[in-house]
Amino acid sequence: MKSGYTPKDIEKKWQDAWEEQGIYHAQDNAKAERFYGLIEFPYPSGEGLHVGHPRSYTALDIMTRKKRMEGKNVMYPIGWDAFGLPTENFAIKHKIKPQDATKQNVANFTRQIKSLGLGFDWSREINTTDPKYYKWTQWMFLKFYGSWYDAEKKTARPIEELPIPKNIESQGDAAVATYRDSKRMAYKATTTINWCPNDKIGLANEEAQGGICERCGGKVEKREKAQWMIRITAYAERLINDLNDVDYLDRIKAQQINWIGRSEGAEILFMLSVPGQPDGRHGVKVFTTRPDTIFGVTFLVVSPETAKSWLDTGWNAPDNVKEYVQSALMRTDMERMTEGKTKTGVFTEVTATNPANQEKIPVWVSDYVLGNYGTGSIMGVPAQDERDRAFAETFYLPISEAANDEMAIDALEEAGQGKRATTYKLRDWVFSRQRYWGEPIPMIICESCGIIPVHESELPVMLPDVDAYEPTDTGESPLAAIDEWVNVTCPSCGGEAKRETDTMPNWAGSSWYFMRYCDPKNDDAFADPKKLKYWMPVDLYNGGMEHTTLHLLYSRFWYKFLWDLGLVPEECGSEPYAKRRSHALILGEGGVKMSKSKGNVVNPDDIVGEYGADVFRVYEMFIGPFDQDAPWDTNGIEGVRRFLEKVWRLFDVAPASDATLTEEVETLLHQTIKKVGDDIETMNFNTAVSTMMILTNALTDLGAEHISQEVRTDLLKILAPFAPHMTEELWSALGQSGSIHKAEWPSFDESKLQASTFTLVVQVNGKVRDRFDVSSDISEEEATKQALASEKVQASLDGKAPAKIVYVKGRLVSIST
RNA sequence: GCACAGGUGGCGGAACUGGCAUACGCACCAGGCUUAGAACCUGGCGCCCGCAAGGGCUUGUGGGUUCAACUCCCACCCUGUGCACCA
């Protein structure tokens, strides 16, 4: 028979037993309805597991355990998102290879995660740095390269199907190739990139917000570099519209929509007069969301980028304009930010004609107009727009209060000087990293043939196993220095050629991992379509709010692309995740963020060592609402430990042969089964735990010997997803066969949710004056009669006659005078 | 500035569809057990007045609707998060 509650003695035992029996293995060919629960696979850092990780893992563990007990075929997989900068830096610092650092860190994370008793299907474990995995990441890159986006049909298509305009075709093969390259979903472009001099790496716009490197917090510089880009902007509209078809938290949807930033407006063409050139030869298009304000336009402003392109095509601008453009383009975002919103700019000596009223207006260049948004030029309407007003006031430009004209856009469209247009803030995805520890981009650059993709049969392009992989100051990838890897023969002409030395960002591997789980060992395809058809889309995906605008957007895009090409079965639908929820942070004691420097980091190993995994799990669920930040509280863990020990003690005494429940406790039991079940579905884990505490307190008061076997098993079953080890132990001590985690989830009896009596509350003029127990089927008349008969009620009525009496069934009588 | 979330005891928080505000847990106080401590058990615990019985007040602020408001409506204040010169 069992003794005191000592987690150490039971947890490891059951973890081994579950693994041996494979009770958490998902079946690919099951007849049963599937449930695919997904957590964001962790980045195995050198820091080890944070107490924040298990908050999400335990939550979905509870949900998937319940689904399993309800007879669903559950997949709850785990893997490693292991490419990336922190590991590379960790390896450099410790003078080891990133491969070895990853191996170490994965082993440590595995040990930590396994100690929590989570029901992951380890047989599906994946790792993005495994060549068998990244082979397919590279393969998908080749698909991007080999595709274009058909904006009319709103789908990606093979590049071979791209229609070539007649005038291009007539210019010969080279022109056709250039045209194709300009339409590919993956393309190379020289752009100004965000360069972090500290990490020696190019960053995506998303990673360099506010001119600050997301990784190290240092200032970001600008550099010109040829980069691989992925045309995510082609999917901007679908990425917004398809949010209607999925169940995401509203704030997640809002953030994605905000990030993509759709603006409806118009592009309007202004003709220019350039000094020294005949009129009518040049024009500039502006983007505006307010074409109706065109009569209030008093100037135009072009971005430094637009001005630069004019200069490049022979514009003989005044020297001060050239100087302004040059210095504006050199400035980093950081410098622009610190200058605040003070407007700078110069007059270009170019004038424009307002197409609506033929007025001549000056054209200025200023860096408050962004080169990469809209058309890169704007019309200044100082009476309507705050920024234009500030600019006008700074440079003493006129402000016109002309009336708006709703019909202006129609007139402009008719005159061919404007058209309705939609713009997005979303930019194409900078896909190159000048780093070692990432998937090599499978391309070969030949001086005579240009860019040639590595043939699919040659994949994976393996990362060379070398000792020196430190980043360079030149901005080139460390791979460039490895001659025996870089130098290859051109697959097209057989001449000398070099490999592309950029690697992919670590968002690449994480953009499709949820599909690999469906078929993790397949060497012939990234996943068998039949298995994808069974498992996709993911039923529930939980992760952090910090991934709402990056990972979530990238992976939705990536999936849609594969779906467009028919590589994901059509039946799976165009969205990868049916439902998305987010957990919040666990803060340090006192409500500040946990950090090494503050010394308030809680290590899960310590908690599991001291209290056991079950206490740790239940505590993390009880800590507060799942979607709200909560501070760690050591005293709170003690409370949970007491709760589990209380449950344990209920099983110290065997039920008496005549164990019967009072009606009160029986009602409570059924209410608890219902509420715990509902709360798990709605992710209100904190109230699920408190409900079970209430039941446990009531059963304790009743006395263990009065608790029947049925009640005991029901309590254990609803607690099992939360505290899997101790419930399994008690289950086997009760003499039950099989695992409790394969047992059937208990049902409640609708008729037993309501007790035969309830406490009737009597209010007089809105204040509670009396309460007493009455039968549940009491009539309105009887309830009212008894209420009025109450001495306390009579006392508060003080002789006044009731003017109105309201009866609420099962609750109260409200009397007003 | 825009978007989103939130504001309830000493603390974390609960409250169905408008129906007993403060469940559950923590901390604290008193008592029991103990040589002692830990653990455990019992009781108390929103605020104010009162020895008590009892009374009054209370969900960020101010108003409104209602027999009845943490919940609905209007105006405002504060905190947090994300985006931000996006035309």
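Owing to the predicted nature of the structure, the values given are computational and were not obtained by experimental measurement.
- Here, B/rU59 and B/rG54 have their P atoms 24 Å apart, quoted to the whole Å.
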Apply side chain to side chain contact (heavy atoms under 4.5 Å, CB included) to residues A/K593 and A/L585 and explain how you reach the verdict. CA-CA 8 Å; A/K593 213 170 171 174; A/L585 302 176; 4.2 Å; yes
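- Base pairing of B/rC72: its partner is B/rG64, meeting the Watson-Crick or G-U wobble criterion (both donor-acceptor distances under 3.5 Å).
- Residue contacts shown for A/N765 are absent, as no nucleic acid heavy atom lies under 4.0 Å away.
- Look at B/rA36: it lacks any Watson-Crick or wobble partner with both distances under 3.5 angstrom.
- With a 6.0 Å radius and a threshold of 12 heavy atoms from other residues, nucleotides or ligands, A/K285 has its NZ atom at or below the threshold.
- A distance below 6.0 Å separates the ring centres of A/F391 and A/Y368.
- Residue A/S814 is in base contact, counting any heavy-atom pair closer than 4.0 Å across all strands shown.
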Determine, for nucleotides 21-30 of chain B in 5'-to-3' order, which nucleotides have protein heavy atoms under 4.0 Å from the base (write B), from only the sugar-phosphate (write S), or from neither (write -). --BBSSS---
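- Under the Watson-Crick and G-U wobble criteria, each requiring two contacts below 3.5 Å, nucleotide B/rC28 is paired to B/rG44.
- The NZ atom of A/K253 sits 17 Å away from the C1' atom of B/rA5 (whole-angstrom rounding).
- Of the residues near RNA chain B, A/G624 and A/G376, the one whose nearest nucleotide (by heavy atom distance) lies more toward the 5' end is A/G624.
- For A/Q628, the side-chain atoms get nearest to B/rG6 when compared with the rest of B/rG6, B/rC41, B/rG19.
- Regarding A/L249, its CG atom lies at a distance of 14 Å from the P atom of B/rC4, rounded to whole Å.
- Applying the 90° cutoff around 0 to the glycosidic angle, B/rG64 is assigned anti.
- Summarising the geometry, the separation between CZ on A/F772 and C1' on B/rC20 is reported as 13 Å, rounded to the nearest angstrom.
- The side chain to side chain donor-acceptor pair (under 3.5 Å) pairs that include a residue from residues 692-702 of chain A are A/K646-A/N697, where partners are two or more places apart or lie in different chains.
- Side chain of A/A254, nearest nucleotide from B/rA3, B/rC20, B/rC40: B/rA3.
- Using bins of under 30°, 30° to 60° and over 60° for the plane-to-plane angle, the ring pair A/W632/A/Y619 lands in the perpendicular bin.
- Using C1' as the reference atom, B/rG80 and B/rC67 are 39 Å apart when rounded to the nearest Å.
- The same atom, C1', is picked in B/rG13 and in B/rC24; the two are 9 Å apart, to the nearest Å.
- A/F643 and A/W648 have their aromatic ring centers separated by at least 6.0 angstrom.
- Ring-plane geometry between A/W364 and A/F395 is classed as tilted, the angle between the planes lying from 30 to 60 degrees on a 0 to 90 degree scale.
- Rounded to whole Å, the distance from CD on A/E645 to C1' on B/rA39 is 9 Å.
- Across B/rG60 and B/rG9, the matching P atoms stand 8 Å from one another, rounded to whole Å.
- Ranking B/rC4, B/rG13, B/rC67 by closeness to the A/S816 side chain, first place goes to B/rC67.
- Per the geometry, CG belonging to A/D678 stands 13 Å off P belonging to B/rA15, to the nearest Å.
- Nearest to the side chain of A/R251, among B/rA14, B/rA5, B/rA87, sits B/rA5.
- Atom-to-atom, CG of A/D679 to P of B/rA14 comes out at 11 Å; the value is rounded to the nearest Å.
- The NZ-C1' distance, from A/K792 to B/rG55, rounds to 14 Å in whole Å.
- Remark: the separation of the P atoms in B/rC45 and B/rA23 is 10 Å, to the nearest Å.
- Nearer to the 5' terminus of RNA chain B, by closest-nucleotide assignment, is the contact made by A/D627 (compared with the other of A/D627 and A/R290).
- Rounded to whole Å, the C1' atom of B/rU34 lies 41 Å from the corresponding atom of B/rC49.
- Using cut-offs of 30° and 60° on the angle between ring planes, the pair A/H583 and A/F626 is tilted.
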Below 3.5 Å between N/O atoms, which protein atoms pair up with nucleotides 57-61 of chain B? Just atom names and distances, please.
| from | atom 1 | to | atom 2 | distance (Å) |
| --- | --- | --- | --- | --- |
| B/rC57 | OP2 | A/K767 | NZ | 3.3 |

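- Inter-residue side-chain proximity for A/K343 and A/T394 is flagged as met; some heavy-atom pair is nearer than 4.5 Å.
- Across the P atoms, B/rA15 and B/rG7 are found 12 Å apart, a figure rounded to whole Å.
- The A/L812 side chain lies nearest to B/rG19 when the options are B/rG19, B/rA87, B/rC85.
- The closest side-chain heavy-atom distance from A/S814 to A/V808 is not below 4.5 Å.
- Under the Watson-Crick or G-U wobble criterion, with both distances below 3.5 Å, B/rG9 is left unpaired in every strand shown.
- For A/R641 and A/Y611, the positive end is not near the middle of the six-membered ring at less than 6.0 Å and at most 45° from its axis.
- With a 3.5 Å ceiling on both atom-pair distances, the Watson-Crick or G-U wobble partner of B/rU81 is B/rA3.
- Between the CZ atom of A/R811 and the P atom of B/rA68 there is a distance of 18 Å, rounded to whole Å.
- Within the 4.0 angstrom heavy-atom criterion, only backbone atoms of the sugar-phosphate kind lie near A/R769; the bases stay farther away.
- A/I623 comes within 4.0 angstrom of the backbone, heavy atoms only, and of no base.
- When all heavy atoms of A/S303 and A/L370 are compared, the pair lying nearest together is CB-C, 3.8 Å.
- Side-chain nitrogen and oxygen atoms of A/Y373 include at least one within less than 4.0 Å of the OP1 or OP2 phosphate oxygen of B/rA87.
- Straight-line distance between the C1' atoms of B/rU17 and B/rU66: roughly 16 Å, to the nearest whole Å.
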